[in-house]
Amino acid sequence: QVQLVEFGGGLVQVGGSLRLSCAASGRTFSHYAMGWFRQAPGREREFVAGISRTGSNTVYSDSAKGRFTVSRDNAKATVYLQMNSLKPEDTAVYYCAACWISLTIVVPTDVSSYDDWGQGTQVTVSS
């Protein structure tokens with residue numbers, strides 16, 4: 001099991017940027033693919049971006065592609081989500097999640113593949 005804590009959420013205007021961080025502790029961080037998900041009120045939790053164990057492969061949702069960048073620093077056991085050109089529809093609670101996986105390049109995109117979750121951080125984009 002790995003413990004995850006997110007940082008960096010807040011209130012930002014349309015077109016602005018935020019950088020989320022997720023610090024991990026517990027088991028060896030480099031054995032996990034990492035994902036970012038979000039959940040808006042009344043909606044299901046959805047995949048936003050993910051990164052493979054080594055960082056060699058990244059996957060994005062259509063809504064995140066071209067605006068968000070996921071990265072990781074295994075030495076610091078931290079994963080990041082840089083969000084640019086934010087829109088009101090990006091407003092949600094953002095969660096990081098960890099998936100214990102043996103394959104080094106695979107990035108799962110479904111909620112059920114992830115074993116451990118952070119508590120979430122609120123991102124609000126105001127117009």
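For the single chain, residues carry numbers from 1 onward in sequence order.
- In this structure, the side chains of L11 and S126 come closer than 4.5 Å at one or more pairs of heavy atoms.
- Under the 4.5 Å side-chain heavy-atom criterion for Ile, Leu, Val, Met, Phe, Trp and Tyr, Y60 and I51 are members of the same hydrophobic cluster.
- A continuous path of hydrophobic side-chain contacts links V70 to Y94 [ILVMFWY only; heavy atoms under 4.5 Å].
- L81 and V59 fall into different hydrophobic clusters, where Ile, Leu, Val, Met, Phe, Trp and Tyr side chains are chained together by heavy-atom contacts under 4.5 Å.
- Contact check for D110 versus F47: no side-chain heavy atoms found under the 4.5 Å cut-off.
- Remark: L20 CG to T78 OG1 distance equals 13.0 Å, nearest 0.5 Å.
- Ion pairing of D90 with K87 is absent here, as no side-chain N (NZ or NE/NH1/NH2) approaches a carboxylate O to less than 4.0 Å.
- Residues P108 and S113 share a closest heavy-atom pair of CB-CB, 3.6 Å.
- Side-chain atoms of Q122 and T124 form a donor-acceptor pair, as typed in the model, at a separation below 3.5 Å.
- Distance alone, capped at 3.5 Å, places no donor-acceptor pair between the Q39 side chain and the E44 backbone.
- The cationic atom of R38 (NZ for Lys, CZ for Arg) does not lie both less than 6.0 Å from the six-membered ring centre of Y95 and within 45° of the ring axis.
- Of the N and O atoms on the side chains of S63 and S61, at least one donor lies less than 3.5 Å from an acceptor on the other residue.
- Side-chain contact check for N84 and S17: at least one donor-acceptor pair (N or O, by modelled atom type) lies under 3.5 Å.
- Between the N74 side chain and the A77 main chain, no donor and acceptor come within less than 3.5 Å of each other.
- A side-chain donor-acceptor contact under 3.5 Å links N57 to the backbone of I105.
- Closest non-hydrogen pair, C22 versus M34, comes out as SG-CE, 4.5 Å.
- Remark: R72 qualifies as a cation-pi partner of F29 under the 6.0 Å distance and 45° angle criteria applied to the six-membered ring.
- A donor-acceptor distance shorter than 3.5 angstrom exists from the side chain of R53 to the backbone of S30, with no hydrogens or angles considered.
- Looking at D115, its side chain does come within 3.5 Å of a backbone N or O of W100 through a donor-acceptor pair.
- L86 and V14 fall within a single hydrophobic cluster, where Ile, Leu, Val, Met, Phe, Trp and Tyr are joined by side-chain heavy atoms under 4.5 Å apart, directly or via other members.
- Grouping the Ile, Leu, Val, Met, Phe, Trp and Tyr side chains by contacts below 4.5 angstrom, directly or via other members, places I101 apart from Y32.
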Verdict with supporting geometry, F37 and W117, ring-ring contact (aromatic ring centres under 6.0 Å, His included): CA-CA 10 Å; F37 292 77; W117 294 80; 4.9 Å; yes
